[in-house]
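Here's the structure we're looking at; comments come further down.
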Amino acid sequence: MTCFTFVETFSLKVRKSNLSAFRNSFVHRFKVLPYKETCRNAFSSWRLEYGSQSNFSVPSTSLATEQHIVSSSSSALKEKLVEKGQKYKVKPIKKVLVANRGEIAVRIIRSCREMGIETVAIYSTADRNALHVALADETVCIGEPSSKKSYLDITSVLAAAEITGCLTTGADAVHPGYGFLSENSVFSSSCEEMGVTFIGPSPFAIDKMGDKSTAKETMLNAGVPCVPGSNGILSDAEEAVRIAENIGYPVLLKATAGGGGRGIKLARNSEELRSLYQMCSAEAQAAFGNGKLYLEKFVEAPRHVEIQVFADKYGNAIHLGERDCSIQRRNQKLVEEAPCPVMTEELRAKMGEAAVNAAKAINYCGAGTVEFLLSAAGEFYFMEMNTRIQVEHPITEQITGIDIVQLQLQIAEGRPLPYRQSDINLKGHAIEVRVNCEEPKDNFRPVPGQVSSLFVPGGLGIRWDSHIYPGYTIAPNYDSMIGKLIVWGPTRDQAIRKMKRALNEMNIVGVPSTIPLHRAIFNNEKFIQGKEIYTNFIETEDILSQVVG
């Protein structure tokens, strides 16, 4: 592993939005100061200041072009390529900066290594002993434990891409993983302006799907079924009441900039809707910096089913089947399985076609996930599109045999999709459980600390994606997920039995975990049958009362 002495302070006096000046100043004008904290392997740290701002904003010069491209059909794009006598423009990626941490950073590094691609790990001072740091070829400390001062600091991440590679070539590409900057269009466009390949969709696509009301309008125009509700942002509570009385209660108020299950309120009558409106708007403003709301009909007892899509730069798009993510707590996923237990071939074809149409509607490129609500009657409605890799992507890998991260890298290099829809065959059944360092019976309270002992189950069809190890101290600054236990079996019944065996063997000492909760879920008869699994399953089945420590 190559160690670096990095920059603690850069003071760049360049005009805002002048990327060429930024590059020149960064490469030729910097000051290295000793880092005060003694770090493993003599690591040092740096911070990049762009004028007086901690994050700089670069206007994308490509949005108008993207909008023009979206208006063209995929066939027209292919004809244009042929007319110019151009073949696929492939730019091989030689080095990837992993702009993330935890298990997804480890996951990306492993796929890169199998492809012969070098990796750069960024880390905060809280993560200097993290596994992804030990596995990467090069490392850069980008700041303090706070996400805002490290993993969310665009200038520091871009500077890390620039400094690696002897300050000349830098990292060829940046993989954002999930969370942090993965769905930040400013970061995506900034990478583009810096000449660094962003392994993900265009800034235009991110913006189109990042705002929930805009996404819904886009999907309606593309003919994708959507939940009845407001056509865009609500002006006030009275407009919300008028729409709710027209489509019928109950309804959901949703923050247009929301995510992770936050910014959602359920109203069952007009009085509740009026009282919740200001509360929901204020909470959204505090959490996301955007208090705008929209309204949707609440689908009673739905399943949460999502479709994994892939698209290339040449207008080709396919789906890799569905994942059922209905077992949740506080609108956050706990258990995912693929395929969905109640899916039919006809319904899969319809949902898959809708998801592919959604991707094509915004000229999507790369891996994405289109999430739907599936009613008991078999009706499905668009919820949102995640313009990044998902936490639960391994179960799709298990049933398709496709390495999703490696396919992301190939698409980012400019290669066409190597598969047609007819090439995708779903084999067997896969289940994933998210293991968090939380106390389930104490309202899922995060309890970070040191992992004193760890035993991971093995055997055919069992996979453990994680960044923890014996002696590792879980930092309190980040998400509480510490790993994902994934199993595959020829049938759902066999996969469930394998997961029960793996959960009984799994042992984490030093911190509490959600493993006892998962044992209770997999012993539940309704879950085993698979037909009556809805997003309120944990509450309706009173799973918490069945948890044994």
Side-chain angles (χ1 to χ4, degrees), residues 60 62 66 88-122 132 136-138 140 151 154 157-158 160-162 164-165 169-207 209-210 308-314 316-317 320 359 362-369 385-391 393-394 396-397 402-418:
S60 174
S62 63
E66 293 286 353
Y88 301 124
K89 291 184 177 179
V90 176
K91 180 184 176 184
I93 294 172
K94 298 179 180 178
K95 183 186 292 186
V96 170
L97 182 139
V98 183
N100 217 296
R101 65 175 300 278
E103 69 85 18
I104 189 59
V106 172
R107 168 75 185 86
I108 294 166
I109 290 169
R110 285 171 172 163
S111 279
C112 286
R113 180 151 293 176
E114 291 173 12
M115 295 177 71
I117 297 173
E118 294 183 8
T119 54
V120 178
I122 60 171
H132 76 285
D137 298 294
E138 302 171 15
V140 181
Y151 298 106
I154 293 177
V157 176
L158 288 178
E162 191 73 46
T164 49
T169 57
D172 295 307
V174 171
H175 197 308
Y178 53 74
F180 294 130
L181 296 172
S182 63
E183 294 178 286
N184 187 309
S185 62
V186 172
F187 180 55
S188 172
S189 61
S190 299
C191 289
E192 181 181 291
E193 296 289 337
M194 288 284 289
V196 177
T197 299
F198 179 79
I199 301 174
S202 67
F204 174 77
I206 292 174
D207 280 337
M209 293 296 102
Q308 175 73 63
V309 295
F310 252 104
D312 62 22
K313 297 179 180 179
Y314 312 104
N316 305 304
L320 304 183
I362 55 173
N363 198 48
Y364 197 80
C365 182
T369 301
M385 182 176 185
N386 290 303
T387 55
R388 52 170 170 78
I389 194 168
Q390 292 278 90
V391 175
H393 75 273
T396 297
E397 294 181 326
I402 295 172
D403 187 313
I404 288 177
V405 174
Q406 290 192 8
L407 189 54
Q408 280 187 298
L409 292 163
Q410 293 168 11
I411 297 301
E413 288 179 326
R415 303 181 192 277
L417 272 169

Atom [atom1] in [X], atom [atom2] in [Y]: separation rounded to 0.5 Å?
X: Ile206; Y: Arg388; atom1: CD1; atom2: CZ; result: 11.0 Å
X: Leu158; Y: Met194; atom1: CG; atom2: CE; result: 5.5 Å
X: Ser188; Y: Ile154; atom1: OG; atom2: CD1; result: 10.0 Å
X: Arg107; Y: Cys112; atom1: CZ; atom2: SG; result: 9.5 Å
X: Ile108; Y: Glu103; atom1: CD1; atom2: CD; result: 9.0 Å

Can you tell which of [options] makes a side chain to side chain contact (heavy atoms under 4.5 Å, CB included) with [X]?
X: His175; options: Leu97, Ile117, Val405, Thr119; value: Val405
X: Val120; options: Asp137, Ile109, Val140; value: Val140
X: Ile199; options: Leu409, Val98, Val174, Ile411; value: Leu409

Identify the two heavy atoms, one from [X] and one from [Y], that lie closest to each other, and give their separation to 0.1 Å.
X: Tyr178; Y: Gln390; result: CD2-C, 4.3 Å
X: Ser182; Y: Gly177; result: CB-O, 3.3 Å
X: Phe310; Y: Ile404; result: CZ-O, 3.6 Å
X: Thr164; Y: Lys95; result: C-NZ, 4.1 Å
X: Asp403; Y: Glu114; result: OD2-OE1, 4.3 Å
X: Gln406; Y: Ser111; result: NE2-O, 3.5 Å

So, do [X] and [Y] sit near enough that their side-chain heavy atoms are less than 4.5 Å apart?
X: Lys89; Y: Lys313; answer: no
X: Gln408; Y: Ile389; answer: yes
X: His393; Y: Ile104; answer: yes
X: Leu407; Y: Pro418; answer: yes
X: Met385; Y: Tyr364; answer: yes

Checklist entry - Are any side-chain N or O atoms of Glu413 and backbone N or O atoms of Ile93, one a donor and one an acceptor, separated by less than 3.5 Å? => result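 Present.
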Next on the checklist: I'd like to know if the side chain of Asn386 and the backbone of Thr369 have a donor-acceptor N/O pair within less than 3.5 Å.
Outcome noted: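 Side chain of Asn386 to backbone of Thr369, a donor-acceptor pair under 3.5 Å: no, none is there.
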Next on the checklist: Check the orientation of Phe187 and Phe198. Use parallel for under 30°, tilted for 30 to 60°, and perpendicular for over 60°.
Outcome noted: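 Geometry flag for Phe198 against Phe187: perpendicular rings.
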